[in-house]
Every structure is written in C-alpha cells, then in structure tokens.
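Worth saying up front: this structure is predicted, and the values here are computed from it rather than measured. In this chain, numbering begins with 1 at the start of the sequence shown.
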Amino acid sequence: MRCPVCERAELVEKVQNYHYRECGLGNVVLTGITVRSCPECGALVPKIPRMEALHDCIAHALVKKEERLTPEEIVFLRKSLGWSGADFADNLHCDKSQVSKWENGRVPMSKQNELLFREIVAHGKKIADYKRTDAVRKEAGKVVSLFVSMDDSKRQWTDEWREAA
C-alpha cells in the first residue's frame, strides 16, 4: 500500500504501541497493534480492529477512573453517547452555555453532575469501584495514561491506567 500522505513510498508494517490522539484524548495508547509507516514522510497509519468496541472500552475506563474528568474526557464521553451539546444540556438539566464551559475547561463540572454523567454513560449501572469521596485529581503533577490493547484470544479490548514512562 502506498503512503496516503506523500504517495511516494510503500508503507512498512510493524506491531507496536500507538499514541491514539485521533480519539480526542491525549493520553490513550493502543498497545501491540499493527501500524503502517511511510519511510519517506514518516506518516503513521494504524490498523485498529473493532473501533466501536475500542471506544466503548475507553468510555468504560473513563467512567471508572478515580480522578475527575478532564474537559477532553467530557467531550469524548458525550460523543460516545451520540449527544450534541444541546442533548447533553437537556439530559443534565442545565444550560447549553454551561456544557460549553465544562468542555472548554473554563468551569469545572460539579461533582454531582460528573457523578450523574458517569452513571448515564455506564447505562444506569451502579459504579461500584468509583470512590466518590476521592473524586479529585491525585498528585496533580503525575501524568497518567490510558493503555488500551487488543486481547487476541478474546477478540476484545482491555484497558489499564498507568503512569507515563
């Protein structure tokens, strides 16, 4: 396959980790997937199996994490529900301008709204492993990334939060 960016070289396949920025989150790493790279321009073209299941896995990991949701994570979860900003505002009984403030990081989402939102994303299931009293960012300077990998034997995505190396 020729490079879709420069169209000058054939892509080379390699199994590696891939920083999955295309999902809108800066801290998601797909582990052990096939990535095609261009030796000419350096473009990367990942082969991502079961994309919908991957996004469900990321959403599930975000719902159960102990730290507060970031603005980017709020956007990701809203989109994972297929909601517009207006839908989000209607479902949380707030103003559309409030949603915009949360998603742009101008105002933090209240703990009550965040917990409700997490419950909605989890489809009404009780979030047993979310520590409501610990719903604050731990060690503010620590960078934590979500590593997501395909378990080939089960044909499903698995997630793990780890401190960045």
If we ignore hydrogens and angles and just use 3.5 Å, is the side chain of [X] paired with the main-chain N or O of [Y] as donor and acceptor?
{"X": "R118", "Y": "K65", "answer": "yes"}
{"X": "R36", "Y": "K47", "answer": "no"}
{"X": "E10", "Y": "M1", "answer": "yes"}
{"X": "E114", "Y": "L69", "answer": "yes"}
{"X": "D159", "Y": "L146", "answer": "no"}
{"X": "D56", "Y": "A53", "answer": "no"}

What distance separates [X] [atom1] from [Y] [atom2], expressed to the nearest 0.5 Å?
{"X": "L44", "Y": "K14", "atom1": "CG", "atom2": "NZ", "value": "10.0 Å"}
{"X": "D90", "Y": "S84", "atom1": "CG", "atom2": "OG", "value": "7.5 Å"}
{"X": "S37", "Y": "E13", "atom1": "OG", "atom2": "CD", "value": "9.5 Å"}
{"X": "F76", "Y": "I58", "atom1": "CZ", "atom2": "CD1", "value": "4.5 Å"}
{"X": "H19", "Y": "L30", "atom1": "NE2", "atom2": "CG", "value": "9.5 Å"}
{"X": "N113", "Y": "C94", "atom1": "CG", "atom2": "SG", "value": "6.0 Å"}

Next on the checklist: Please check if the number of heavy atoms outside E52 that lie under 6.0 Å from its CD is greater than 12.
Outcome noted: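 No, the 6.0 Å shell around CD holds no more than 12 heavy atoms from other groups.
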Between [X] and [Y], which heavy-atom pair has the shortest distance, and what is it?
{"X": "W161", "Y": "A61", "answer": "NE1-O, 3.4 Å"}
{"X": "R68", "Y": "S110", "answer": "NH2-C, 3.6 Å"}
{"X": "E73", "Y": "T70", "answer": "OE1-N, 2.8 Å"}
{"X": "W102", "Y": "P71", "answer": "O-CB, 3.5 Å"}
{"X": "V63", "Y": "V121", "answer": "CG2-CG1, 3.3 Å"}
{"X": "W157", "Y": "R50", "answer": "NE1-O, 3.3 Å"}

Checklist entry - Any idea how H55 and Y20 line up, ring-wise: parallel (<30°), tilted (30 to 60°), or perpendicular (>60°)? => result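 H55 vs Y20 ring planes: perpendicular.
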Checklist entry - Linking I/L/V/M/F/W/Y whenever any side-chain heavy atoms sit under 4.5 Å apart, do V5 and I48 land together? => result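 Not linked; separate clusters.
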Checklist entry - Under 4.5 Å between side-chain heavy atoms, hopping through other hydrophobics if needed: is there a path connecting M109 to L77? => result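 Per the 4.5 Å side-chain linkage, M109 and L77 are co-clustered.
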Checklist entry - Are D95 and K101 within salt-bridge range, i.e. N to O under 4.0 Å? => result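 K101 and D95: not salt-bridged.
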Checklist entry - Any side-chain heavy atom of V28 within less than 4.5 Å of one from F147? => result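 No, their side chains stay 4.5 Å or more apart.
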Checklist entry - Is L25 close to L62 at the side-chain level, that is, under 4.5 Å between some pair of heavy atoms? => result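 Heavy-atom side-chain distance check passes, below 4.5 Å.
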Checklist entry - Are V15 and I33 close enough, and set up right, to give a side-chain contact (heavy atoms from CB on, under 4.5 Å), and what steps lead you there? => result CA-CA 5 Å; V15 174; I33 67 165; over 6 Å; no
Next on the checklist: Does K79 form a side-chain contact (heavy atoms from CB on, under 4.5 Å) with V75? I'd like the steps, not just the answer.
Outcome noted: CA-CA 6 Å; K79 288 180 177 181; V75 172; 3.7 Å; yes
Item to check | Stepwise salt bridge (Lys or Arg N to Asp or Glu O under 4.0 Å) test for R8 and E40 | outcome: CA-CA 7 Å; R8 293 192 306 258; E40 289 286 323; 3.6 Å; yes
Next on the checklist: Before you tell me yes or no, could you show the steps for V35 and V45 under side-chain contact (heavy atoms from CB on, under 4.5 Å), namely the whole-Å CA-CA distance, both residues' side-chain angles and the distance that decides it to 0.1 Å?
Outcome noted: CA-CA 6 Å; V35 178; V45 181; over 6 Å; no
Item to check | Test side-chain contact (heavy atoms from CB on, under 4.5 Å) applied to L54 and V148, step by step | outcome: CA-CA 8 Å; L54 168 60; V148 184; 3.4 Å; yes
